[in-house]
Amino acid sequence: MALSKHINADRLVQDSHDKKSKHHKLTGIDSNTIQHSYGARYGTQPLPKYHFSSKGIDAESAYQLIHDELALDGSPVLNLASFVHTWMPAQADKLMQENMTKNLIDTDEYPATQHIHTRCISILADLWHAPSAKQAIGTATTGSSEAIQLGGLAMKRIWQEKRKAAGKSIHEPGPNIVMGANAQVALEKFARYFEVECRLVPISVESKYRLDPKKAMEYVDENTIGVFVILGSTYTGHYEPVKEMSDLLDEYEAKTGYSVPIHVDGASGGFFAPFATPQLEWDFKLPRVVSINTSGHKFGLAYVGVGWVVWRDQAHLPKDLIFELHYLGSVEYSFSLNFSRPAAPIIAQYFNLIHLGFEGYRNVALDDLRNARLLSRALEKSGYYAVLSDIHRKHTSAGATIKDVVGIDDDVTDYEAGLPVVSFRFSDDFKKSYPEIQQKWIQTLLRARGWIVPNYELAPDLQQIEILRVVVRENMTEVLVDRLVSDLMEITEQLTTADSPLHALNDLGHGHSSSSKTEHTHGKLGKGEGSTSSGTYAKQC
Ligand SMILES: Cc1ncc(COP(=O)(O)O)c(C=O)c1O
């Protein structure tokens, strides 16, 4: 009923309270209060929602109130929208709890933590084939976003130094950076925050919804500080062709004398490709790759709050970006955007490195891919859906092998390399038969069953295509894949029944959110108050 759109829920609840005017005068509490629901057991004072209460409440009540409110959140296990890992063994939980109070920046106070941090960097530099694990330099970050800002800044500073040394202007024209239009918001943020022109290369079906290196070369010139190459794309999980990009930039350098470096955004792939497809060429083995970032909290299998950036050698991290700190008990070096940061996620990362080892990470990666293939095939076989990701497709070169004949089909090298991501949409046949059914309804209906599966548009120039996307993480087991497929099929078939009440979903609009409109107006920007969208992944965040 359209009338409900005009109702202010906060006001409605306020007006329905007992003795509202008396409370109002005595306590000064306005309409924005939370009433405890535990009555006499935990106290009955209302709490202001948007300003400090003059008096606090006891810890047990505070815990219970917050705990219960958070029950409205989705389940992290069923959050198939996110790349972020949501489970670790009990021993990792214990280590994190024990080290929750440690600040990574206090290097003198917590030297053992610092040794672990340094060891993690050496292990990653070695995994990514840095020319010398001793020469490589890097740091933990809060995630890939911070790591990308640092990688981009180093490239910008090196470009500036080279221009100055050649007696050229660094302002007219200014620097630019090249990336696919499928770039995640972190990459575009770097360009905007650090005043580098962002050159987005349009994507196409032929380029597999990701950077096309040949087209990218049309955007490169002497003021290009670098190319961001993504392993793999947030939309479809496709790896961008780092080697091909590197070869083309080699040719460009031979022709023009301009050396354009590559920073690999391995937010997910940095912790996946080395284990699943170690033969893939994408890392420091390619001399043009000067820095790599990854999220420890994605396929690094740690909890949220840890990322990494590693430079191939010290020459690629300008000294100018490194700060000497003299006031924490010794001389320390810092090259990060944050100062304080929790040490616990880094300790959890190290736990994984030594607990899982190469074989453990590889087993998890192969399982993820197996489950992603299972989901992809089931969707395609249904006829309702077409799958855009390719990790379930065999290389054209793989052909029919003896393994096909005897039924063994899980040799990962036979398949297209990529992240365990399943991107799918309604098949053309389905759309022709049921043009009135909107794909976004699937997101809403799955959410009603607990699943969080986003539906969104692809990047420019393919924004007319909407995709649903599932990230198959470690806890997306075969049992859950099975359940998801059966829920998806049931929902899709219900929608095809012409008199189904589900058609009323059209009136529900796009998003599914349990937060009230009034909550959004406090301390948050409203729709249209941010910058104009460039149409990339930035739009969905
Ligand atoms: C390709 C890519 N780059 C960067 C990021 C940002 O990573 P983080 O959330 O660790 O900051 C993401 C997150 O999904 C991503 O997919």
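Residues: numbered from 1 along the sequence shown. In each ligand, atom 1 is the first atom listed, and ligand 1 is the first ligand listed. Side chains included, hydrogens not; waters and symmetry mates left out as well; all remaining heavy atoms used.
By the 4.5 Å heavy-atom criterion applied to side chains, T277 and T413 are not counted as neighbours.
Salt-bridge annotation for E197 and R199: present, with a side-chain N of the basic residue lying under 4.0 Å from a carboxylate O of the acidic one. With respect to the salt-bridge test (charged N to carboxylate O, under 4.0 angstrom), the residues D247 and K243 qualify. Between R341 and E146 there is a salt bridge, since at least one side-chain N of the basic residue sits less than 4.0 Å from a carboxylate O of the acidic one. Electrostatic pairing of D250 and R288 counts as a salt bridge here, judged by a charged N lying under 4.0 Å from a carboxylate O. Residues E380 and R393 are paired through a salt bridge, judged by an N-O separation under 4.0 Å between the basic side chain and the carboxylate.
In summary, the atoms of ligand 1 found under 4.0 Å from a heavy atom of K298, numbered by their order in the structure, are 5 (C), 6 (C), 7 (O), 8 (P), 9 (O), 10 (O), 12 (C), 13 (C), 14 (O). For ligand 1, the atoms sitting less than 4.0 Å from at least one non-hydrogen atom of T234 are 1 (C), 2 (C), 15 (C), 16 (O), numbered in the order shown with element in parentheses. Ligand-side atoms of ligand 1 in range of I148: 4 (C), range being under 4.0 angstrom from any heavy atom. Within ligand 1, the atoms closer than 4.0 Å to a non-hydrogen atom of I230 are 1 (C), numbered from 1 in the order shown.
At a 4.0 Å cut-off, not a single heavy atom of V185 sits close enough to ligand 1 to count as contact. Proximity of E146 to ligand 1 is not established, as no heavy-atom distance is less than 4.0 Å.
Nearest-heavy-atom check against atom 11 (O) of ligand 1 across A81, S145, S82, G143 picks out S145. Compare V471, N293, D265 by their heavy atoms: the one nearest to atom 1 (C) of ligand 1 is in D265.
Within the 4.0 Å heavy-atom criterion, the part of S295 lying near ligand 1 is the side chain and not the backbone.
Residue S268 has no N or O atom closer than 3.5 Å to an N or O atom of ligand 1.
Applying the salt bridge (Lys or Arg N to Asp or Glu O under 4.0 Å) criterion to K214, with sequence neighbours excluded, gives E244.
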